[in-house]
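Numbered from 1 within each chain, the chains take letters A, B, ... in sequence-line order. Heavy-atom basis, side chains included; hydrogens, waters and symmetry copies ignored.
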Number of protein chains: 2
Amino acid sequence: MNSVNLKRLAQELNLSIATVSRALQDSYEVSSQTKERVRALAAELNYEPNAYASSLRRNISKTIGVVIPEVNNHFFSLAINGIEEVARQSGYHVLIYLTHDDYEREVAITQYLTGGRVDGLLMSVASGSQEFSHLEKLYASKPAIVFFDRVCEAIHTANVTTNDYESGYLATQHLIEAGCTHIAHLLVSGNLSIGRMRMQGYQAALQAAGIAFDETLVIDGNGDDESNTELLKNLLRSRPEVDGIFASVERLVISSYQACQALGRAIPQDIKIIGFSNLGVASLLAPALTTITQPAYEIGKEAAKILLRAIEKKKAILPSQSLVLKSELFQRKSTEPCG
Amino acid sequence: MNSVNLKRLAQELNLSIATVSRALQDSYEVSSQTKERVRALAAELNYEPNAYASSLRRNISKTIGVVIPEVNNHFFSLAINGIEEVARQSGYHVLIYLTHDDYEREVAITQYLTGGRVDGLLMSVASGSQEFSHLEKLYASKPAIVFFDRVCEAIHTANVTTNDYESGYLATQHLIEAGCTHIAHLLVSGNLSIGRMRMQGYQAALQAAGIAFDETLVIDGNGDDESNTELLKNLLRSRPEVDGIFASVERLVISSYQACQALGRAIPQDIKIIGFSNLGVASLLAPALTTITQPAYEIGKEAAKILLRAIEKKKAILPSQSLVLKSELFQRKSTEPCG
DNA sequence: CCAGATATCGTAAACGTTTGCGTAGATAAA
DNA sequence: TTTATCTACGCAAACGTTTACGATATCTGG
């Protein structure tokens, strides 16, 4: 209903719509005096081009989509921060979609996005997804896609990830060196590559230390926080020999703390805990939490950069553009050796 | 470039574009057999309508914008969660913009949004904004706006807020009852109504307890976390009599903890701390943090509901639709009376 | 059997922008 | 002078949908 459009400007200036349009694009085909007149009136009337008309005509939306499991999570919110930063600098808009780690929702969302609403897509796939035909369909419908963190290997594109195998290895090794011999591994994405990598690192570190792998110590922590905490309490009760926990996702670290608190297990005396986390307050926890921290902001930034470069150059994204950033281990109280 | 559009469907089915369009909208003007044929082919070819063409024609984008200071903050990320939930259920898309509490960015963003890109807007204004003409311009350009938390009183629309005066009063009273007599107030939005309300509650509680208001104990905590921590360390050093801190935003609570830790001040023995926060791990901090927790998820949900109702009914939003939700005080270790 | 209602479909305009093409006038080159 | 080049602008089509309006055929009641 904002009726200040090119036609309106053209009428008031006694020019054609084409000339007004070109003037606003600073085209060489229009004289500088006319440009000035057009710009002046446009500013006065507070003209803003209709994004939909422009997108329709040019087949370019200047919009990217971000599809992630959740936003109330330091990793993803930091990533969004990085994404938004890069997008804003390049004049792109950011649509956000949350899957809540639910396969059905992910399918519905990718279906929407087939309609050409976005020029490109940044995605971290839902842990509930076991099957990826919806992503292949989406990919076939053209938009550039870059996966970050939770990638989909079936799609031939670039991924931005972290050194997950190494991190899993280091985390486990860290617990072993601190004296742990029965280490539980909590994960959420066993069927995703990210989960498998961390798992393999965990297993390799156990093997290197001569500790037998016990798959009953691997807990799948989907579901909500309360049920996860219950799950952990059950584990700790039934397996009192567990003296270390390696949580591969922030939420599970919190649940671990709560389970220990509820059962009166002292950290780090009885149980040591390390986890993937971007919690800013890790050092303020009781006790301070040893974390493996992913460069979430940089991941978002780099993924967005790769995507936007491809969009602007209209070139396909190659797997060779993939990036692996390094996570960092911050040693704190929760894994301190005692006695 | 996804060339499966209405024309393509029409050609393959020997129908007109109009009929195909109507069939997909389940119009009564097309026979059920034709509808079936159309739907079948659409499904087979994975047809998805072009959102931009549709938006252009109908002057409806099925998109709302969310403009907030930051996303790496539990309050806002929970709010987004609520917003996205409501939007998704109604088939709306969500564009997200971050101001980083910067006035210039907010102006630039509102300028974009004048172009009719969104049907409506949910907004929490930047603390750096002292002047609101950009918002009035935006409002004049038509889209429905609902403010949440950090409202702009100059705009005649609905707001979703919390009982900030009462919360400020209760927080301060809580500290006083715990034995504090020199209470610092850290705030970030002194020129926004939300900041003023909390401030007034703080002052009223002081007065009720017969404590003189000392404006040098009111600290403006804009800027980054490190400089805030420095600011607080300086305060605690120069004013050793300070025995209570009321932080009106999550970030400042963290800085307070860090400042105390750095200076060796024991919480709650030397200083008691209470703060607005949606930190899920508040109870796991050392010591557990007493919080005033806003119903962030519900705020997002309610704000989105008001907005979408107005959009769908094409009715203006009235200030009378405003909502005030209640925050809750969770008493924990950081404000425990001692000795 | 005919007037009118009903069911089903097509034609074409419109949304606001971008852009290939054409053109009038001015200038420069021959 | 004529021809070519350049400048500055307008015309009109196109992007993919939606929708007002019309058209045709079938059906109904009298």
Side-chain angles (χ1 to χ4, degrees), chain A residues 1-39 41-42 45-63 91 112 114-119 141-142, chain B residues 1-39 41-42 45-63 91 112 114-119 141-142:
Chain A
M1 254 345 89
N2 190 2
S3 60
V4 37
N5 48 24
L6 289 183
K7 193 199 283 187
R8 165 90 180 278
L9 293 180
Q11 280 173 349
E12 301 216 7
L13 291 169
N14 267 328
L15 287 172
S16 74
I17 294 181
T19 303
V20 176
S21 172
R22 278 191 272 254
L24 292 172
Q25 297 176 72
D26 205 20
S27 159
Y28 69 96
E29 287 190 274
V30 33
S31 74
S32 43
Q33 307 115 34
T34 318
K35 279 183 193 172
E36 259 325 301
R37 285 179 60 214
V38 172
R39 280 199 275 252
L41 186 65
L45 298 185
N46 201 29
Y47 167 76
E48 190 73 14
N50 182 300
Y52 296 109
S54 174
S55 295
L56 174 61
R57 174 60 223 247
R58 303 180 45 196
N59 202 27
I60 280 176
S61 66
K62 280 272 177 185
T63 303
Y112 291 144
T114 315
R117 191 180 284 270
V118 297
D119 295 337
S141 91
K142 172 89 184 163
Chain B
M1 260 335 99
N2 189 1
S3 60
V4 38
N5 49 22
L6 289 183
K7 193 199 284 187
R8 166 89 181 279
L9 294 181
Q11 280 173 348
E12 303 216 7
L13 292 168
N14 268 325
L15 287 172
S16 74
I17 294 181
T19 302
V20 175
S21 172
R22 277 191 275 253
L24 292 172
Q25 297 177 71
D26 205 19
S27 158
Y28 69 96
E29 288 190 272
V30 32
S31 74
S32 42
Q33 306 116 33
T34 323
K35 278 185 194 170
E36 259 325 300
R37 286 178 61 214
V38 172
R39 279 199 275 253
L41 186 65
L45 297 185
N46 203 26
Y47 167 77
E48 190 73 14
N50 183 301
Y52 296 109
S54 174
S55 294
L56 175 60
R57 174 59 223 247
R58 303 179 44 195
N59 202 27
I60 279 176
S61 66
K62 280 274 177 181
T63 304
Y112 292 144
T114 317
R117 193 180 282 270
V118 296
D119 295 336
S141 91
K142 172 88 183 164

K.L.:
Is B/Leu15 touching bases, backbone alone, or none of the nucleic acid, heavy atoms closer than 4.0 Å?
P.N.:
sugar-phosphate

K.L.:
Measure the distance from CG on A/Leu9 to P on C/dT17 and round it to the nearest whole Å.
P.N.:
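So the two atoms are 8 Å apart, to the nearest Å.
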
K.L.:
D/dG10 base to A/Arg22 side chain: any donor-acceptor pair below 3.5 Å?
P.N.:
yes

K.L.:
Could you check which of D/dT19, C/dT19, C/dT17 has an atom nearest any side-chain atom of B/Ser21?
P.N.:
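Nearest nucleotide to the side chain: D/dT19.
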
K.L.:
What is the distance, rounded to the nearest whole Å, between atom CD of A/Glu36 and atom P of D/dA8?
P.N.:
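Those two atoms, CD and P, are 14 Å apart.
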
K.L.:
Closer to the 5' end of DNA chain C via nearest nucleotide, is it A/Gln25 or B/Tyr28?
P.N.:
B/Tyr28

K.L.:
Provide, to the nearest angstrom, the distance between the CD1 atom belonging to B/Ile60 and the C1' atom belonging to C/dG16.
P.N.:
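So the two atoms are 16 Å apart, to the nearest Å.
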
K.L.:
Do the side-chain N or O atoms of A/Ser31 get closer than 4.0 angstrom to the phosphate oxygens (OP1, OP2) of D/dC9?
P.N.:
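Checking D/dC9 against A/Ser31, a side-chain N or O does come within under 4.0 Å of OP1 or OP2.
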
K.L.:
What verdict does the side chain to side chain contact (heavy atoms under 4.5 Å, CB included) test give for B/Tyr47 and B/Leu41, after you've listed the backbone C-alpha separation in whole Å, the side-chain angles of each residue and the deciding distance to 0.1 Å?
P.N.:
CA-CA 8 Å; B/Tyr47 167 77; B/Leu41 186 65; over 6 Å; no

K.L.:
Among D/dA8, C/dT19, D/dG16, find the nucleotide with the atom closest to the side chain of B/Leu56.
P.N.:
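Of the options given, the side chain of B/Leu56 lies nearest D/dG16.
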
K.L.:
Respond yes when some side-chain nitrogen or oxygen of B/Ser54 is under 4.0 Å from OP1 or OP2 of D/dT17, and no when none is.
P.N.:
no

K.L.:
Figure out the CG/P separation between A/Leu6 and D/dG10, and round it to whole Å.
P.N.:
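It works out to 13 Å between those atoms.
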
K.L.:
Rounded to whole angstrom units, what separation is found between the CG atom of B/Leu13 and the C1' atom of C/dT8?
P.N.:
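In whole Å, C/dT8 C1' and B/Leu13 CG are 15 Å from each other.
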
K.L.:
Using whole Å, report how far CZ of A/Arg58 lies from P of C/dG20.
P.N.:
12 Å

K.L.:
Nearest heavy-atom pair of B/Leu13 and B/Arg37: which atoms, and what distance?
P.N.:
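Between these two residues, the closest heavy atoms are O-NH2, 2.9 Å.
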
K.L.:
Of the nucleotides D/dT17, D/dC9, D/dC11, which one has an atom closest to the side chain of A/Thr34?
P.N.:
D/dC9

K.L.:
Could you give the CZ-to-C1' distance, from A/Arg117 to D/dT17, as a whole number of Å?
P.N.:
13 Å

K.L.:
Given side chains that start at C-beta, do those of A/Asn46 and A/Val4 come closer than 4.5 Å, heavy atoms only?
P.N.:
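A/Asn46 vs A/Val4: side chains apart.
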
K.L.:
Of all the choices, C/dA12, D/dT17, C/dT17, which nucleotide is nearest to the side chain of A/Tyr47 once you look at every atom?
P.N.:
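Side chain of A/Tyr47 sits closest to C/dT17.
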
K.L.:
If only side-chain N and O atoms of A/Ser55 are considered, is one of them under 4.0 Å from the OP1 or OP2 phosphate oxygen of C/dT17?
P.N.:
no

K.L.:
Please state how far atom CD in B/Glu48 lies from atom C1' in D/dG16, giving the value in whole angstrom units.
P.N.:
14 Å

K.L.:
Is any side-chain heavy atom of A/Gln11 closer than 4.5 Å to a side-chain heavy atom of A/Lys7?
P.N.:
yes

K.L.:
Heavy atoms from C-beta onward define the side chain here; which of D/dG22, D/dT17, C/dT17 lies closest to that of B/Asn5?
P.N.:
D/dT17

K.L.:
Want to settle it: does B/Gln33 or B/Ala53 sit nearer the 5' end of DNA chain C, counting the closest nucleotide to each?
P.N.:
B/Gln33

K.L.:
Restricting to non-hydrogen atoms, name the atom on A/Lys62 and the atom on A/Asp119 that form the minimum distance, rounded to 0.1 Å.
P.N.:
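It is N-OD2, 2.7 Å.
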
K.L.:
Checking contacts here: which listed nucleotide (D/dC15, C/dG10, D/dC9) is nearest the side-chain heavy atoms of B/Ser16?
P.N.:
C/dG10

K.L.:
Taking the side chain of A/Glu29 as its heavy atoms from C-beta onward, which of D/dC9, C/dA12, C/dC9 lies nearest to it?
P.N.:
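Among D/dC9, C/dA12, C/dC9, the one nearest the side chain of A/Glu29 is D/dC9.
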
K.L.:
Decide yes or no for B/Thr63 and B/Arg117: does some side-chain heavy atom of the first lie under 4.5 Å from some side-chain heavy atom of the second?
P.N.:
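The answer is no; the side chains never approach within 4.5 Å.
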
